[in-house]
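In what follows, chains are A, B, ... by sequence order, proteins preceding strands, each numbered from 1.
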Amino acid sequence: MDKKKNIIFTTVALIVLFGAACAAQFGLDAYLRRVANLCMIYAIIGLSLQIVNGFCGQFSLGQAGFMAIGAYVVGVFTVPVELREKVFYAVPMNPLIADIQMPVWLALIVGGLLAALVAFLIGFPVLRLHGDYLAIATLGFSEIIRIVITNAQSFTNGALGIKDIPPLNDARYIFVVCAITYIFVTALINSSYGRAFKAIREDEIAAEAMGIDLFKHKCMAFMFSAFFAGVGGGLYGALLGTVDPKNFLFTLTYNFVLIIVLGGMGSITGSMLGAILVTGGLEFLRVFDEPLEVFGMAIPLFRPGFRMVIFSILLMVCVLFWRKGIMGTEEFTWEKFKKFVKNPVGYWKGDEHHG
Amino acid sequence: MKAKKILTALLASVCVFGATATMASAEEVIKVGVFLPLTGDNAAGGELELRGIKLANENHSTVLGKKIQLVVQDNKSDKAEAANVVARLIEKDKVCAIVGTYGSSLAMAAGNIVKENKIPAVGTSCTNPQVTAGNDYYFRACFIDPFQGTVMANYMKKLGYKKVAVIQEVSNDYSVGLAKFFMDAYKKMGGQIVDVANYQTGDKDFTAILTNVKAKNPDAIYAPGNFTESAMMIDQARQLGLKINFYGGDTWETNDFLEVGGDAVEGAVLTTAFGREMATTKEAKIFLDSFEKQFKGEEPSALTALAYDAYMLVYYGIEKAGSTNSVAIRNAIAANKNLPLVTGKTTLDVNGDPVKGAVIKTVKNGKFVYVDFVQPK
């Protein structure tokens, strides 16, 4: 299949998926719609982490902080002005921003840009570090962002959190943002910048010898990553209708590390798959939390919390058998899909290089 | 290859199980949803509350001639999960009312969903005023931060303190809320706040804060916050030679507070929702008896009592509504007056917050001892 056909297929698939999103908006019940929306939001943030960790090979753990920035821009600026007095009941809102109200789409973009700006400022000193040190530094900065938000009470309402954010539980809206993220990241990775990212991932010294400006490219990857994390965080805040600083503890980042490791470090479609498996899977496993009776006997294992045990076991099994994640560094392509449809068993057998 | 087959079989069996395992209940029941943090950071609190709800359900299991079935779900102390799980309770389990949760932020995440679906929810120990404000479908069994802060301000004023320092746990909404309303009330009564110091959850060294506070020479310190941090702070204050007394909120009422603080926390005073000595209602006796039977030798925590009450609010709501129509239940919960609950006679105000008294306790010989009971105005 040539490139043109691929594009047509992908476009058709996106349109079909958009149709599915519309159907989800009207056909699915509120619970499933919420899970679907959360899957898409986590996919966006997973993709954002993938840019730095998967493609550029820099181990960053700052995603929770960038999400917090996006979520707070949405939180602070989309709450209707007349409701703000009630929300900021402890310390009144700073008059500088008290009258500024934005529509959600604008707040998302502003949140993303602000996150990217902060990423630039942080990246300047931090991106000179490598490996574990970079991970620790980014994690530290994400905590700093959270603590600044906690203490800037007149802007963010501090620990009390913000509620009454106009809820955005619209599968179509979130799907469009997710699709744009997907298309952008795919285009970025297939561009010369993307190839430079991959070169840096494989061998920094060799990449530098080839004339790649390491710092510039790392910084760029870091900023793009922060932008999408900000947008994803904004959607997350809007989906829940409330934000508070404790949401964005560094443990939140591990969610997304899990998603990209499970999906495959360095695979765009992998991280989307990972997001769906982790989010949807956890909800699916809820049956293990509910009491189960077999022939009138209640099985004691089936109590709240049991699903986390099952989930951990499944994760361990996955990591044991798919060491590079489910997709590895491969992508979903229509060629492979065609091969798979024609001969699923043969495809599976011939696919050993994956695991 | 073999391993992969086993793996595939394992995954498939989990999937099949997940798809087929559905609860089949033939008899007609009234379903009440419960969502609590049973795993994650707040699991300890969630577990204590689940006890209370289960006890209440055992003692009052039928209403309108039908059995009440609890559908318990875990929200993993995570806001996104809390929202998911409430949507699930409403859509999949078709519950007519919801009880929960520990943690105000978790309750706020659920707020929009119960409001949209018109399903009444009764919070157990979510004390942030924002939980019920502007939401007709969210009620709660606990008193809110402003009330607790004000009660302590009145009490401390009565003790004759003129200058008080406030130390708040700035990353904790509960602590910030209590401190804010304490200061408002205290200043209004002519008291003086000489210092406001902040610390973060998880801090271990408070000597800098305490040295500053000591220099201002206050008569007492109001320091609502997490029990571990507070106990450590009081201990360090004693080491610094700070002899004045500490006052706090209901989070202190845990064994950990006594264990970590040891001798240092002797004399510390706190406000709480439940005290054995004030348990005068009939329901309180039933609660204490059944608690004693199930958890021998344990002292019931205020969280357990509040969760019990949250269930009872729903129970009386359904009884008064006379149907399982969720809007009717909502109106009945709002309209009920002077309900004889475990933590005292309870009426809900226009916001859905209870108007009831607070218990003041102090630490004496390594135990929490009842001091006073403050009626609401």
Side-chain angles (χ1 to χ4, degrees), chain A residues 29-35 38 41 83 86-87 89-91 146-147 150-151 153 158-164 167 169 236 239-247 249 251-252 279 282-293 303-305 307-308 310 314 317-318 320-321 348-349 352 355, chain B residues 1 3-4 7 10-11 14-15 17-19 21-23 36 38-39 41 43 46 50 71-74 76 78-92 104-105 108-109 111-113 116-117 128-131 133-134 169-177 180-181 198 200-201:
Chain A
D29 68 38
Y31 166 59
L32 291 175
R33 193 165 72 229
R34 192 161 273 280
V35 175
L38 201 61
I41 293 172
L83 292 176
K86 231 181 201 173
V87 173
Y89 67 90
V91 176
R146 186 177 67 81
I147 287 170
T150 308
N151 286 283
Q153 223 182 339
L160 297 168
I162 295 175
K163 79 157 200 171
D164 284 327
N169 192 7
Y236 179 81
L239 177 72
L240 294 178
T242 143
V243 288
D244 70 301
K246 274 198 189 147
N247 248 5
L249 282 172
T251 43
L252 184 69
T279 323
L282 261 181
E283 287 300 323
F284 180 75
L285 291 175
R286 263 191 203 283
V287 284
F288 289 99
D289 271 8
E290 288 165 359
L292 177 80
E293 287 189 3
R303 61 188 303 277
R307 72 184 167 124
M308 300 308 292
I310 302 274
L314 288 179
V317 169
C318 282
L320 277 178
F321 288 97
W348 198 245
K349 277 186 178 162
E352 280 303 285
Chain B
M1 255 343 272
K4 224 163 201 175
L7 166 68
L10 190 74
L11 284 177
V14 169
C15 291
F17 178 83
T22 42
M23 290 269 299
L36 288 170
L38 297 167
T39 56
D41 298 341
L50 186 60
V71 186
V72 184
Q73 287 288 2
D74 167 32
K76 222 178 114 202
D78 177 297
K79 276 170 92 167
E81 291 252 348
N84 282 348
V85 93
V86 166
R88 182 186 168 98
L89 286 171
I90 294 170
E91 293 286 349
K92 190 168 162 287
S104 300
S105 63
M108 282 197 279
N112 270 329
I113 301 163
E116 271 166 33
N117 291 286
N128 189 329
Q130 288 194 68
V131 172
E169 185 182 346
V170 74
S171 48
N172 185 343
D173 56 345
Y174 159 86
S175 174
V176 175
K180 144 95 182 148
F181 290 101
N198 293 337
Q200 301 280 341
T201 314

Top of [options] for chain A proximity - count of heavy-atom pairs under 4.5 angstrom:
options: B/Asn128, B/Leu38, B/Thr39; answer: B/Asn128
options: B/Val72, B/Asp78, B/Asp74, B/Val71; answer: B/Asp74
options: B/Gly46, B/Pro129, B/Ala109, B/Ala82; answer: B/Pro129
options: B/Val131, B/Asn117, B/Val85, B/Leu89; answer: B/Val85

Is [X] in contact with chain A via its backbone, its side chain, both, or neither, using a 4.5 Å heavy-atom distance?
X: B/Asn112; answer: side chain
X: B/Lys180; answer: side chain
X: B/Tyr174; answer: neither
X: B/Val86; answer: neither

Examine whether an atom of [X] lies under 4.5 Å from a heavy atom of chain B, and if so say whether it belongs to the side chain, the backbone or both; otherwise answer neither.
X: A/Leu320; result: neither
X: A/Asn247; result: side chain
X: A/Tyr236; result: side chain

* To do: Could you go through the side-chain contact (heavy atoms from CB on, under 4.5 Å) check for A/Lys86 and B/Gln130 one step at a time?
  => CA-CA 8 Å; A/Lys86 231 181 201 173; B/Gln130 288 194 68; over 6 Å; no
* Asked: For the side chain of A/Lys163 and the backbone of B/Ala133, is there at least one donor-acceptor N/O pair under 3.5 Å apart?
  ->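 Such a contact is found between A/Lys163 side chain and B/Ala133 backbone.
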To the nearest 0.5 angstrom, please state how far the [atom1] atom of [X] sits from the [atom2] atom of [Y].
X: B/Ile113; Y: A/Asn169; atom1: CD1; atom2: CG; value: 7.5 Å
X: B/Ile90; Y: A/Asp29; atom1: CD1; atom2: CG; value: 10.5 Å
X: B/Asn84; Y: A/Leu239; atom1: CG; atom2: CG; value: 8.0 Å
X: A/Thr251; Y: B/Asp41; atom1: OG1; atom2: CG; value: 6.5 Å

* To do: For residues B/Met108 and A/Leu160, report the shortest heavy-atom separation together with the two atoms involved.
  =>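 So the minimum-distance heavy-atom pair works out to CE-O, 3.8 Å.
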* Taking all atoms of both residues into account, what is the closest heavy-atom pair of A/Tyr31 and B/Arg88, and its distance? -> OH-NH1, 3.0 Å
Determine the option with the most heavy-atom pairs under 4.5 angstrom with chain B, choosing from [options].
options: A/Leu240, A/Leu249, A/Thr150; value: A/Leu240
options: A/Ala159, A/Pro304, A/Gly158; value: A/Ala159
options: A/Val35, A/Ile41, A/Asp289, A/Val87; value: A/Val87

* Asked: What residues form a salt bridge (charged side-chain N to carboxylate O under 4.0 Å, His left out) with B/Glu81, not counting sequence neighbours?
  -> A/Arg286, A/Arg307, B/Lys76
* Asked: Can you tell if the side chain of A/Leu32 reaches within under 4.5 Å of the side chain of B/Lys92, non-hydrogen atoms only?
  ->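 Side-chain contact under 4.5 Å: no.
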* Report yes if the side chains of A/Asp244 and B/Asp173 come closer than 4.5 Å at any heavy-atom pair, otherwise no. =>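 No, their side chains stay 4.5 Å or more apart.
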* Sidechain N-carboxylate O distance under 4.0 Å for B/Glu116, A/Arg34 -> no
* To do: Before giving the answer on side chain to side chain donor-acceptor pair (under 3.5 Å), spell out for B/Ser105 and A/Lys246 the whole-Å C-alpha distance, their side-chain angles and the decisive distance to 0.1 Å.
  => CA-CA 9 Å; B/Ser105 63; A/Lys246 274 198 189 147; over 6 Å; no
